Amino acid sequence: MRQLCKGNVAVVKGAVLAGCRAYYGYPITPASEIAEYAALYIPEVGGTFVQAESEVASINMVYGAASTGVRVMTASSGPGLSLMQEGISYLCGSELPCVIVDVVRGGPGLGNIAPEQSDYFAMVKGGGHGNYHNLVLAPASVQEMADLTMLAFDLADRYRNPVIVLTDGFVGQMMEPIELQVSEVNPPEKPWAVKGTPETQNNLISSIYLEPDDLEKHERKLEQKYKLAQMLETRLETYMTDDAEILLVGYGIVSRVLRSAVDEARAQGLRAGLLRPITLWPFPSKALAETAARCKTVLTVEMSTGQMVEDVRLAINGKVPVELYSRIGGNVPSVEEVHARMLECAGAEV
Amino acid sequence: MAEYEIIHEKSPVFYERYERKNELQHQTHYCPGCGHGVAHKLIAEAIEELGLQERTIFVSPVGCSVFAYYYFNVGNIQAAHGRAPAAATGIKRACPDKIVISYQGDGDLAAIGTAEIVHAANRGEKITVFFINNAIYGMTGGQMAPTTMVGQASTTSPWGRRPANEGFPLHVSEMLATLEAPVYIERVALSDNKNIMKARKAVRKALELQRDGAGFSLVEILSPCPTIWKKDPVEARKWVAEKMIPVFPLGVFRDRKVEIPRIDVPQKTVAEALELCETPGQRLAPHHHGKPCTIKVAGFGGQGVLLMGIVLAEMGMREGLEVSWLPSYGPEMRSGSAHCHVCLAKERIGSPLVAHPEVLVAMNEQSLRKFAPTVAPGGLILYNRDSLPPDFAVSHARVMCLPASEIADKLGSAKVANVIMLGALLEETECMSPETAMTVIGQMVRKPELLKLNGEALHAGRVFVDHQVRVGAVSQPDGFAY
Amino acid sequence: MAAVSRGSVRINVEECKGCGLCVDSCPPKCLALAPELNAYGVHPAHYAGEGCTGCGICFYCCPEPGAITVYRMPAPPRATEAAHATTL
C-alpha cells in the first residue's frame with residue numbers, strides 16, 4: 001500500500017520496521033518530527049522513548065542502550081550534531097552500533113533552519129576526536145529515508161559502528177508516497193554486549209586503552225573494519241552516464257535537481273550524466289574515477305561551499321577537471337542554474 | 001579448641017586478580033589511603049550480600065575511578081566524562097530488571113555532568129549513583145572541583161577558592177533533594193570508623209531500593225584524597241571530618257516512597273502503530289487518472305496553504321501519479337508567509353522544487369507579487385481576491401480572481417478558503433477529480449458538520465469557475481459571480 | 001597459659017600499600033607498620049599476633065579489597081541460649 005509520508009516520519013517508520021525499540025533525542029528544526037513520531041510509535045510497540053535534556057545526554061543514552069545490544073537511534077540537526085560529536089567518538093571507540101540521523105540545516109552557528117549540505121565534513125570526515133569513521137548514507141527521497149534507515153541498522157550491527165543518515169531539511173520535510181512492509185527482523189547476536197547476565201558478566205564496553213601498544217592495536221582493528229566497509233559497502237546510483245560528456249555529481253536533494261538537469265541538458269543536446277553517491281562514507285571513489293574517466297568534465301553541485309568536492313577531486317586525482325557549483329544559506333540550486341553552469345563547463349572544454 | 005573463622009575477606013564481587021591491568025595485578029591503581037578503595041569495598045560487599053553480582057551493570061566514569069572495571073566482576077561499561085547518568089539511563093531502560101550503578105567523582109558528576117545527573121534524578125531513573133566527593137580533581141592532578149571549599153587551594157585556585165571568582169562549593173545532595181522523583185539521597189563520609197560503618201549501611205540501602213524497583217537513589221561519599229591534598233592517609237581522613245563535614249553536613253536528605261503516576265500507552269502491532277494497515281479510503285481512485293501538473297500554493301500562515309498542498313499530493317497519489325509535496329517550514333507554522341510545492345507527474349520526480357509552477361494559488365497579495373512572475377508561460381494564477389491590485393499586471397499567464405476568503409466567510413468559516421481554491425483549481429485545470437478530493441478530505445476531517453462545510457466549499461469553488469470571469473491577460477474583472 | 005585472642009588478622013603484603021589507616025583505626029591497637037619493606041618498597045601493616053578482637057574495623061578502613069582478612073573465634077554457645085533453643 002502506498003501512503004503519503006513526510007521524510008522525517010519515514011525515518012521513524014523505517015527504524016521501527018528494522019526493530020528499533022529505543023529512541024533518545026532532543027527536538028530541533030528541521031528534525032523534530034523524527035522525535036515526535038518516535039515518541040508516538042515506539043512506545044506503542046513496547047519500546048522506549050526518552051526526550052533527553054540535551055543532545056549530549058541523548059547520544060550518551062544511545063551509548064548506554066547500544067552497550068546492552070538493543071537497536072537504538074537518535075536524530076538531530078547540525079547544532080545538535082555538534083553537541084553529539086563527543087558521544088559519536090566514544091561510540092566508535094567502543095565499537096557500538098547505533099543510527100544517527102542528521103537533518104542538515106544552515107550553519108555555522110545558529111545559521112538558519114533551511115536546508116544545507118554543510119555537515120558533510122562533520123559527519124563524513126569525523127568531527128569528534130580520534131581516528132574513526134562513521135558510515136554515512138544519504139537518502140534522496142522519502143522512500144529512501146525509510147529504506148536507508150533500515151539499512152543503517154543492519155550496517156551498524158555488521159560493523160559495530162555508528163551509521164549516520166545524512167539528509168537535509170527538504171528531504172526531511174517533504175512528502176512523497178512510500179511503500180513499506182512489515183517483515184521479520186533478525187538482528188544478529190551480540191555476544192559482546194553487556195546485559196547484566198552471567199554470560200555477559202565479563203564483557204566490557206570501553207574506549208580507553210592506556211598503553212600505546214594496546215591503543216595502536218585497537219585502532220588498527222578499527223582501521224581493518226573500515227577497509228572492509230570500503231570494499232563491501234560502497235553504494236551509488238548513476239543516470240545516463242554511459243555516453244556522458246559532462247558528469248554531474250551530487251547527493252541527497254541535490255541529486256534530484258541534477259536528475260532533472262540531466263533531462264533538461266539532454267533535451268537540448270548536451271550529453272550529461274549523473275553520479276549520485278548513496279554512501280558518502282565509504283565514498284564511491286573507484287566508481288566515480290571510472291565513470292569520470294569517460295567524461296570531459298565533472299561538475300559537483302553541493303549546498304555547501306564545497307565539501308564533498310574534495311572527495312570527488314581525490315577520487316579523480318586530476319585526470320578530469322572538476323568544477324563546483326554551490327548554493328548555500330538554504331538556497332537550492334535550480335535546474336536552470338545547473339544547466340547554465342554545465343554550458344560554461346562545456347564551453348571551457350571546447 | 002575452636003578454629004578461627006574468616007569473617008571479613010576480599011569480596012568475590014572483586015576479580016581475584018586484576019587482569020585488565022597490565023602490572024601490579026594484586027593491587028588497585030589507587031594511591032595509598034584513597035577513599036575510592038573503601039567505597040569500592042562497601043559497594044562490592046553490598047552487591048555480594050544482596051546477591052546481585054550476576055545482574056549488575058557498573059558504569060565507570062572519567063576520573064580516578066575510570067578503571068573501576070578492572071576490579072568489579074560484574075558487567076562493565078565505561079562512559080564519557082559526566083555522562084554516566086545518561087548512559088545508565090539508556091542501560092536501565094534497555095534492561096529494567098538489572099542493577100545499574102553509576103559511580104562518579106565530583107568533577108564528573110557535579111561539573112561537566114551536572115545536567116545529566118539532575119535530569120536522571122528528575123526522571124527518577126531507577127539507578128543507583130555513588131558520588132565520590134573529595135573536593136578536588138584527582139586524576140588530572142589537583143585542579144579545583146565544583147565541591148572545592150572556600151579558601152581551599154588547588155592548582156587552578158592557587159589562592160584558595162575565592163567565591164567572588166569561582167563561586168561557592170556545590171551541594172549536590174541538597175540540590176537533588178529538591179526534586180520530586182528521587183527516593184533516597186544520603187551524604188556519608190569515610191572519615192572514621194563510625195562514619196565508614198554508616199556509609200556501609202547507606203550503600204547497601206541504596207542498592208536494596210534499586211533491587212526493589214523503588215527509584216533513583218544517590219549516596220554522596222565524602223572521601224579522602226591524600227595524594228592531592230598532600231597529607232598522609234591518617235591526616236587526610238581527619239581532614240574529611242574536620243574540614244569537609246562542616247561544609248558538607250552528613251545526613252539523609254531524602255528517604256521516602258515515591259508514587260509515580262502511570263499513564264499507560266496502548267499497545268499495537270507494528271503495522272497498526274505505523275499506520276500500514278490499508279483502509280478503504282486509501283485505495284486508488286477507481287475511475288480517475290490524474291494529469292501531471294506543477295503547483296505552488298502560497299499565502300499566510302493559518303490560511304491552510306500547506307494543507308491544501310498535502311490534499312493535492314494525496315489526491316495525485318490516489319489517482320496513480322507520482323507526487324511530491326515540499327513545504328516552506330519552520331516559524332511559518334506559527335505566522336508569516338508560507339508556501340508549498342506540489343509536483344504531480346507520470347514519471348519519477350526529479351527535483352521536487354517547483355521553480356516555474358504551471359499553477360499558482362496565491363492566497364494573499366504578498367504571495368501574488370512574489371510568485372506570479374515565476375509562473376510558467378501560459379500557466380494559471382488563482383488569486384484570492386475579486387481583482388488584481390491596480391498596479392499589478394500579468395501578461396504571461398492567465399489570472400483568475402476569486403474572493404475565496406469572502407466566500408468562505410459567507411459559508412461560515414474562513415478556514416475553508418483553501419478548499420474553495422481547491423475546487424476552483426480542479427474545475428479549471430481538470431487535473432484530478434473532485435470526488436478524489438472529497439475522499440481525501442473525508443480521511444482528514446472526521447466531524448460530519450465540518451465535512452459538509454468542506455463539501456460546500458469545494459462546490460462553491462467549482463461553481464465560481466463555471467461563472468468565471470477571467471482577468472489579467474484577458475481583462476479586468478468587474479465583479480464576481482456568486 | 002596465655003589467653004588466645006578472640007580474633008586474628010592476616011595482612012597480604014603483596015596488596016598492602018602501607019597507608020597506615022588500619023593501624024590508626026584498630027580499636028585495640030594491635031596493628032603496626034612492619035619495619036621491613038615489601039616488594040613495592042613500602043612498610044606493610046603487620047599484626048603481631050596478639051590482641052585482635054575480630055571487630056573487622058581494619059577491614060572496612062583498608063582501601064585495598066584483599067589486603068586484610070579478619071578471623072574470629074566462634075563464640076561458644078551460651079547455656080541460656082541453648083536452653084532457650086530447646087524449648088522452642
Side-chain angles (χ1 to χ4, degrees), chain A residues 1-4 13 16-17 22 24 29-30 41 43-46 48 50 52-54 56-57 60-68 70 72 86-87 90 113 169-170 173-177 180 182 194-198 200-201 203-208 211 256-257 259-260 263 332 334-336, chain B residues 20 22 53-57 59-60 66 69 73-80 83 86-91 93-95 97-100 115-116 118-119 123 265-276 278 282 310 313-314 317 322-327 329-330 349-353 355:
Chain A
M1 183 201 83
R2 288 175 107 208
Q3 60 178 183
L4 195 64
K13 293 192 180 199
V16 171
L17 289 173
Y24 300 92
T29 307
Y41 294 153
E44 282 181 343
V45 294
T48 301
V50 175
E53 58 272 25
S54 69
V56 174
N60 283 283
M61 291 173 184
V62 167
Y63 180 98
S67 299
T68 69
V70 302
V72 56
E86 172 199 57
Y90 276 76
I113 57 169
F170 270 172
Q173 294 295 324
M174 68 192 272
M175 289 179 101
E176 289 182 324
L180 296 173
V182 182
V194 173
K195 300 177 179 181
T197 57
T200 64
Q201 192 175 325
N203 289 348
L204 167 66
I205 302 295
S206 174
S207 59
I208 183 169
E211 293 296 322
R256 301 275 297 259
V257 177
R259 197 181 165 93
S260 295
D263 290 341
V332 181
S334 69
V335 173
E336 289 82 354
Chain B
R20 287 188 176 126
N22 282 338
Q53 181 171 14
E54 288 186 340
R55 60 186 183 109
T56 293
I57 300 175
V59 187
S60 301
V66 63
Y69 59 76
N73 184 359
V74 296
N76 280 289
I77 293 169
Q78 200 282 320
R83 317 299 176 220
T89 297
I91 297 161
R93 297 290 184 119
C95 306
D97 59 336
K98 305 305 178 188
I99 303 297
V100 179
E116 284 77 9
V118 169
H119 287 274
R123 286 190 303 268
V265 176
Q267 294 297 290
K268 297 180 177 175
T269 66
V270 168
E272 287 164 355
L274 302 186
E275 299 155 275
L276 300 182
E278 192 164 349
Q282 287 172 316
I310 293 174
E314 183 88 36
M317 185 182 75
E322 293 296 327
V323 302
S324 66
W325 172 87
L326 182 69
Y329 59 84
I349 295 168
S351 173
L353 281 102

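All chains are named by letter (A, B, ...) in the order of the sequence lines, taking the proteins before the strands, and each is independently numbered beginning at 1. What you see is a predicted model; the values in this text were computed from it and never measured.
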Q: Kindly give the heavy-atom pair with the smallest separation between B:Ala94 and A:Thr68, and that separation in Å.
A: CB-OG1, 3.2 Å

Q. Checking B:Asn73 against chain A: side chain, backbone, both or neither under 4.5 Å from a heavy atom?
A. both

Q.
Taking side chain as everything from C-beta outward and backbone as N, CA, C, O, which of these in B:Val265 sits under 4.5 Å from a heavy atom of chain A? Side chain, backbone, both or neither.
A. side chain

Q.
What I'd like to find out is whether the side chain of B:Leu276 reaches to under 4.5 Å of the side chain of A:Met1, using heavy atoms alone.
A. no

**Q.** Inter-residue atom distance B:Ile57.CD1 - A:Thr200.OG1, 0.5 Å rounding
**A.** 6.5 Å

**Q.** Taking every non-hydrogen atom, the tightest pair across A:Val45 and B:Gln267
**A.** C-OE1, 3.8 Å

Q: Tell me, out of A:Ala66, A:Ser54, A:Gly169, who's got the most heavy-atom pairs with chain B below 4.5 Å.
A: A:Gly169

Q.
Is B:Ala313 in contact with chain A via its backbone, its side chain, both, or neither, using a 4.5 Å heavy-atom distance?
A. both

Q.
For A:Tyr41 and B:Lys268: C-alpha separation, side-chain torsions, deciding distance, then whether side-chain contact (heavy atoms from CB on, under 4.5 Å) applies.
A. CA-CA 9 Å; A:Tyr41 294 153; B:Lys268 297 180 177 175; over 6 Å; no

Q.
Side chains of A:Glu86 and B:Arg83, heavy atoms from C-beta outward: is any pair under 4.5 Å?
A. yes

Q.
Does any part of the side chain of B:Val270, heavy atoms only, come nearer than 4.5 Å to the side chain of A:Leu17, both counted from C-beta?
A. yes

**Q.** Per-residue contact mode, A:Thr197 against chain B (heavy atom under 4.5 angstrom)
**A.** both

**Q.** Contacting region of A:Val332 [heavy-atom separation from chain B under 4.5 Å]
**A.** side chain

Q | Side-chain (A:Ser260) to main-chain (B:Ser351) donor-acceptor, under 3.5 angstrom | A | yes

Q. Are any non-hydrogen side-chain atoms of B:Glu314 and A:Met175 less than 4.5 angstrom apart?
A. no

Q: Check whether B:Ile310 gets within reach of chain A through its side chain, its backbone, both or neither, counting any heavy atom under 4.5 Å.
A: both

Q: Considering only heavy atoms and a distance below 4.5 Å, find which of B:Ser324, B:Ala80, B:Pro327 pairs most often with chain A.
A: B:Ala80

Q. Between the side chain of A:Lys13 and the main-chain N/O of B:Leu274, is any donor-acceptor distance below 3.5 Å?
A. yes

Q. Under 3.5 Å, is there a donor-acceptor pair linking the side chains of A:Tyr90 and B:Gln78?
A. no

(Q) When you measure from the side chain of A:Glu53 to the backbone of B:Val118, do you find a donor-acceptor pair of N or O atoms at a distance under 3.5 Å? (A) no

(Q) Let's test your reading of the structure: which of A:Val70, A:Val50, A:Val335 forms the most heavy-atom pairs below 4.5 Å with chain B? (A) A:Val50

Q) Any sub-3.5 Å donor-acceptor pair from A:Glu44's side-chain atoms to B:Thr269's backbone N or O? A) no

Q: Could you tell me which portion of B:Gln53 (side chain, backbone, both or neither) has an atom closer than 4.5 angstrom to a non-hydrogen atom of chain A?
A: both

Q: Measure the shortest side-chain to side-chain distance between A:Ser206 and B:Tyr69 over non-hydrogen atoms and say whether it is less than 4.5 angstrom.
A: yes

Q: For B:Lys98, check side chain to side chain donor-acceptor pair (under 3.5 Å) against everything at least two apart and list the hits.
A: none

**Q.** Heavy-atom pair with the smallest gap, counting every atom of B:Glu275 and A:Gln3
**A.** O-NE2, 2.9 Å

Q: Go through B:Arg20, B:Arg55, B:Glu272, B:Glu322 and name the one with the most non-hydrogen pairs under 4.5 angstrom from chain A.
A: B:Arg20

(Q) Donor-acceptor check, side chain of B:Glu54 to backbone of A:Gln201, threshold 3.5 angstrom: yes or no? (A) no

Q) If you measure from CZ on A:Phe170 to CG on B:Leu353, what distance do you get to the nearest 0.5 Å? A) 5.0 Å

**Q.** Options B:Pro352, B:Ala88, B:Ala79, ranked by heavy-atom pairs under 4.5 Å with chain A, top entry
**A.** B:Pro352

Q. To the nearest 0.5 Å, how far apart are CD1 in B:Ile91 and OH in A:Tyr63?
A. 8.5 Å

Q) Could you state the interatomic distance from CE (A:Met174) to CH2 (B:Trp325), rounded to the nearest 0.5 Å? A) 10.5 Å

Q.
In the structure I gave you, are the side-chain heavy atoms of B:Glu116 and A:Val56 within less than 4.5 Å of one another anywhere?
A. yes

Q.
Treating A:Arg256 as the side-chain partner and B:Gly350 as the backbone partner, does any N or O pair qualify as donor plus acceptor under 3.5 Å?
A. yes

Q) So what's closer than 4.5 Å to chain B heavy atoms on A:Ala57: side chain, backbone, both or neither? A) both

